[in-house]
Amino acid sequence: MRVYPSGVDVSSSALRFLATRLRERRRALGTRWRRLNAGRQALLTLAHLRNGQPYAQLAAGFGIGSTTAYRYITEAVGLLAALAPTLAEAVRAASMKAYLILDGTLLPIDRIAADRPFYSGKHKKHGMNVQVIADPQGRLLWASPALAGAVHDVRAAREHGIIDALTEAGINCWADKGYQGAGGAVRLPYRGRWKSLSAGQQAVNRSHAKVRALVEQAIATLKSWRLLRKLRCSTTRITSLVQAVFTLHLASSD
């Protein structure tokens with residue numbers, strides 16, 4: 001293994017945030033000594049999440065073993081995931097918004113054809129379904145736990161309680177045709193072929209599409225963390241990774 005200088009494009013505020021949380025955890029546990037200090041452990045974790053580098057490469061660069069790198073990263077990810085806001089907290093924080101935008105995205109995973117529960121017929125690939133809520137400017141407000149890719153968006157929204165939470169809060173939510181039948185506060189475009197729609201319905205759908213398109217900025221924000229572009233870990237760990245990335249995004253935005 002050859003080692004070379006490299007960099008990671010994350011904000012210093014995210015690094016400081018994670019390093020501070022790790023120092024607090026070490027004090028709570030009474031940890032006396034580790035191979036890496038809290039700042040280096042935070043940098044190791046950010047390099048993994050942002051660049052998607054495997055443990056062996058990171059371990060060589062930081063001068064530690066692969067097992068130690070895995071343990072340090074897993075600890076930091078779990079700590080970050082526990083700090084992620086809940087849906088209720090996100091909706092409460094967004095209560096003054098005029099409306100919100102809801103959409104689902106697929107995080108690709110390295111599964112084979114036999115793993116049918118993870119296969120998305122819409123995207124024609126295996127992955128995990130994550131629901132994303134954005135504000136009217138396209139800023140990421142909340143990311144859901146990950147479900148198997150075969151789960152449709154409207155079912156995922158119901159399972160996470162998104163529709164009920166938004167309806168109870170009285171916040172209108174724009175979504176695409178994948179949420180047909182959602183009801184409540186979810187606003188959908190008119191169904192049918194374009195030529196079969198009236199001029200008024202076409203105008204409504206055009207306006208709806210312009211509003212809803214901004215959610216792609218929130219999804220791009222999530223996937224700017226390259227690890228989420230192709231996940232090669234156990235599917236049971238993906239929710240923690242998504243929540244960790246979301247927490248770091250919020251820390252960088254403050």
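Both backbone and side-chain heavy atoms feed into the values below; hydrogens, waters and symmetry mates do not.
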Residues 188-195 side chain polar contacts: donor-acceptor under 3.5 Å, at least two apart:
none

Under 3.5 Å donor-acceptor pairs involving side-chain atoms of residues 83-95, not counting sequence neighbours:
residue, atom, partner, partner atom, Å
T86, OG1, E89, N, 3.2
E89, OE1, T86, N, 2.9
S95, OG, R92, O, 2.9

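In terms of heavy-atom proximity, L241 sits nearest to C233 at CD1-SG, 3.7 Å. A60 and V3 make their closest contact through O-CG2, 3.5 Å (heavy atoms, listed as atom of the first residue, atom of the second, distance). The two residues S252 and S13 have their closest heavy-atom pair at CA-OG, 3.6 Å. The heavy-atom pair separating W174 from R212 by the smallest distance is O-CG, 4.4 Å. Of all non-hydrogen atoms in A38 and A19, the two that sit nearest each other are CB-O, 3.8 Å. Taking every heavy atom of both residues into account, V242 and S144 meet most closely at CG1-O, 4.0 Å.
Here the side chains of V154 and V186 are not in contact, with every heavy-atom distance at 4.5 Å or above. In this structure, the side chains of I162 and W142 come closer than 4.5 Å at one or more pairs of heavy atoms. Annotation: side chain of T68 is not in contact with side chain of R34 (no heavy-atom distance under 4.5 Å). Taking the side chain as every heavy atom from C-beta outward, F17 and T247 approach each other to under 4.5 Å. The side-chain heavy atoms of L228 and L49, taken from C-beta on, include no pair separated by under 4.5 Å.
For the side chain to side chain donor-acceptor pair (under 3.5 Å) test, no residue two or more places apart in sequence or in another chain qualifies with Q180.
In this structure, CG in L107 is found 8.0 Å from CE in M128, a value given to the nearest 0.5 Å. Interatomic distance, CD1 of I101 versus CD1 of I219, reported as 10.0 Å (0.5 Å rounding). The distance from atom CG of L44 to atom CD of Q53, rounded to the nearest 0.5 Å, is 10.0 Å. Atoms CD and CG, from E216 and L214 in turn, are 9.5 Å apart once rounded to the nearest 0.5 Å. Atoms CG and CG, from L248 and L80 in turn, are 4.5 Å apart once rounded to the nearest 0.5 Å. Separation of atoms CG (L18) and CZ (R23) is listed at 9.5 Å; rounding is to 0.5 Å.
The pair R155-E159 meets the salt-bridge criterion, with a side-chain N (NZ, NE, NH1 or NH2) lying under 4.0 Å from an Asp/Glu carboxylate O. Note on K230 versus D110: no salt bridge recorded, every NZ/NE/NH1/NH2 to OD/OE distance being 4.0 Å or above.
For D153 (side chain) and G178 (main-chain N/O), no donor-acceptor pair under 3.5 Å exists by modelled atom type. Of the possible polar contacts, none joining the S240 side chain to the A81 backbone as a donor-acceptor pair under 3.5 Å is found. Although no hydrogens or angles enter the test, the distance criterion places no donor-acceptor pair under 3.5 Å between the side chain of H126 and the main chain of P117. At least one donor-acceptor pair under 3.5 Å links the side chain of T239 to the backbone N or O of A146. With T221 contributing its side chain and Q217 its backbone, the two residues share a donor-acceptor pair below 3.5 Å.
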Practice task
I would like to know whether L147 and H160 meet side chain to side chain contact (heavy atoms under 4.5 Å, CB included); could you show each step before the answer?
Solution key: CA-CA 10 Å; L147 296 176; H160 294 310; 3.7 Å; yes

Open item on the list: Apply side chain to side chain contact (heavy atoms under 4.5 Å, CB included) to residues L58 and I73 and explain how you reach the verdict.
Closed with: CA-CA 10 Å; L58 291 170; I73 291 171; 4.0 Å; yes

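Between the side chains of S224 and R50, at least one donor N or O sits under 3.5 Å from an acceptor N or O.
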